[in-house]
2 protein chains.
Amino acid sequence: MPIDSFSAGKIYRTSLSNEVVKEIRKMILTGTIKPGQRINEVHLARDLQVSRGPVREALLMLKNEGLVTHEVNRGATVSILSARDAYEIYTFRAMLEVNAIEMGLENLQDEHLQALSHLLERFAQSVQEANAEELIACDIEFHKVIVGLSKHSRLIQAHSQMDSQVGAMFLTIANELPKRVNRVVEIHQILYDALASRDKEKIIQELNMHYLSTLKELESKLKEAHG
Amino acid sequence: MPIDSFSAGKIYRTSLSNEVVKEIRKMILTGTIKPGQRINEVHLARDLQVSRGPVREALLMLKNEGLVTHEVNRGATVSILSARDAYEIYTFRAMLEVNAIEMGLENLQDEHLQALSHLLERFAQSVQEANAEELIACDIEFHKVIVGLSKHSRLIQAHSQMDSQVGAMFLTIANELPKRVNRVVEIHQILYDALASRDKEKIIQELNMHYLSTLKELESKLKEAHG
DNA sequence: AACATGAAAACTGTTAACACTTATTTGGGG
DNA sequence: CCCCAAATAAGTGTTAACAGTTTTCATGTT
């Protein structure tokens with residue numbers, strides 16, 4: 001049962017495995033399957049009306065996103081992200097973004113600032129609509145623009161490899177988004193201003209601030225959730 | 001046909017896919033299959049006396065190591081590493097190692113220095129024996145110790161994800177190893193001395209030097225090979 | 001001779017059945 | 001009643017056959 005994805009009239013060919021990846025990723029990020037839960041290939045395949053081959057390939061890809069862990073002869077389980085993981089994810093992303101700025105700030109064009117500005121509007125709107133999914137997408141997109149300035153594909157790839165895990169972190173605290181959410185927009189506004197100033201030291205300082213505060217807010221939640 | 005790997009009497013269970021990964025990786029790193037060459041799943045499976053399932057899974061894993069690229073309905077191709085790739089690989093590794101030192105130099109124990117010292121001996125010996133494979137293994141191991149100081153698993157993982165690509169780079173210039181090879185040992189000796197001094201600034205400076213010179217030596221070769 | 005066209009071959013993507021491993025249940029002995 | 005062991009069920013790993021796509025090759029036309 002091969003699948004074609006349609007988008008604006010143009011046909012993009014994709015494999016079932018890739019579609020299954022999206023499906024499972026969504027299940028994990030929306031909490032349909034929960035951290036620590038084992039993933040049954042047969043059941044999942046049947047639910048998705050697909051055979052086990054694509055499911056296995058999809059699980060391998062999700063393993064590389066860090067959403068899933070794997071043991072031989074025991075299969076895949078949804079990753080549990082600890083406070084330590086949160087620390088690693090955010091410090092590493094901060095590190096990558098700081099280095100991206102250091103090596104590529106001169107690539108910052110007005111178009112980038114426009115794109116970021118537009119993202120801030122989407123941010124604000126998704127807050128009003130209490131649309132967590134959209135909020136996360138904006139956050140990820142925002143930081144993707146920053147690392148993109150480096151034009152360093154391996155740096156960019158290492159960064160985006162953690163996108164899903166960032167999404168999963170958000171999920172962990174999703175129940176109390178409303179209170180925190182306004183600060184997120186504020187914080188990104190500050191980052192935007194720093195970028196617009198094109199002052200390298202300032203940007204780097206704000207980046208570190210940004211992630212430090214994000215981490216602070218997250219860690220207490222995570223510790224009470226599961227060590 | 002499930003396979004068990006034996007090692008020093010103890011039995012480690014592993015999957016066929018993992019064995020196949022090792023096999024294909026070896027083929028790529030020894031030049032049995034060459035950059036740009038397409039990988040035929042059926043032929044490869046037959047050669048390895050295995051079915052296509054494990055081969056496909058292995059190719060997925062090798063894709064994440066950067067040794068292989070993949071197009072839907074066209075299968076896998078051995079990655080071609082350009083001068084730009086060399087630049088990215090070495091600048092990114094340098095960046096990761098510098099940050100590892102910055103966040104984890106205080107974790108440097110005498111045991112680490114002993115291990116590094118031992119590696120320098122292995123280095124020297126593999127030079128004498130003109131054992132390129134061993135030389136590469138030492139180089140990778142040496143730098144693994146450095147990033148290991150960070151105790152930051154995501155940083156470590158991002159670094160080791162490029163190990164195979166470093167091996168592939170070496171391969172590209174393997175024909176003229178002899179001349180260059182003595183410098184490699186020298187350079188690592190300098191790095192070792194810097195580490196032994198525990199002087200953070202000095203270590204960072206030497207790391208940057210290290211990769212700069214490695215890159216210089218490589219780039220000319222790579223450009224003449226394939227853009 | 002160059003080019004387009006369509007059939008055939010080769011190859012990847014997917015499926016379903018088989019083999020082996022792990023988890024669970026059941027029954028018997030302490 | 002609890003614990004252990006054998007039998008059984010459930011699950012992952014692997015294989016082989018089928019389906020659809022890409023590539024190659026031959027044929028006919030200009």
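In what follows, chains are A, B, ... by sequence order, proteins preceding strands, each numbered from 1. Owing to the predicted nature of the structure, the values given are computational and were not obtained by experimental measurement.
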Flag, side chain of A/Lys26 to backbone of A/Glu23, donor-acceptor distance under 3.5 Å: no
When you measure from the side chain of B/Asn40, which nucleotide among C/dG13, C/dT12, D/dG11 comes out closest? C/dT12
Picking from C/dT15, C/dG13, D/dT14, which would you name as closest to the side chain of B/Arg56? C/dG13
Can you check ring-ring contact (aromatic ring centres under 6.0 Å, His included) on A/His118 and A/Phe142, steps first, answer last? CA-CA 10 Å; A/His118 181 61; A/Phe142 194 98; over 10 Å; no
Figure out the CD/C1' separation between A/Glu19 and C/dT15, and round it to whole Å. 18 Å
Gap between atoms CG and P, on A/Leu59 and D/dG13 respectively (whole Å): 10 Å
I want to verify a distance call: between D/dT14, D/dT12, D/dT21, whose nearest atom is closest to the B/Asn73 side chain? D/dT21
Need one value for B/Ile39: base, sugar-phosphate or nothing, where a base atom within 4.0 Å counts as base even if backbone is also close, heavy atoms only. sugar-phosphate
Please report the distance, rounded to the nearest Å, between NE2 in A/His70 and P in C/dT22. 13 Å
Rounded to whole Å, the CD-P distance (A/Gln37 to D/dG11) equals 13 Å
Base C/dG13 paired with B/Arg52 side chain (donor-acceptor, <3.5 Å): yes
What's the CG-C1' distance between A/Leu44 and C/dT14, to the nearest Å? 16 Å
If the plane angle is over 60° it's perpendicular, under 30° parallel, otherwise tilted; pick one for A/His210 and A/His188. perpendicular
Do A/Val78 and A/Lys34 pass the side chain to side chain contact (heavy atoms under 4.5 Å, CB included) test, and can you show the C-alpha distance, the side-chain angles, and the key distance before you say yes or no? CA-CA 7 Å; A/Val78 181; A/Lys34 296 195 164 49; over 6 Å; no
Which comes earlier along DNA chain C counting from the 5' end, the contact point of A/Ser17 or that of A/Arg74, where each point is its nearest nucleotide? A/Ser17
Mind calculating the distance between CD (B/Glu41) and C1' (D/dA17) to the nearest angstrom? 15 Å
Does B/His43 make a side-chain N or O approach to OP1 or OP2 of C/dC11 shorter than 4.0 Å? yes
B/Arg46 CZ - D/dA16 C1' separation (whole Å): 15 Å
Could you check how far CG of A/Leu48 sits from C1' of C/dT15, rounded to whole Å? 15 Å
Given D/dG13, C/dT15, D/dT21, which nucleotide is nearest the side-chain atoms of B/Ser15? D/dG13
B/Ser150 side-chain N/O to B/His152 backbone N/O, donor-acceptor pair under 3.5 Å: yes
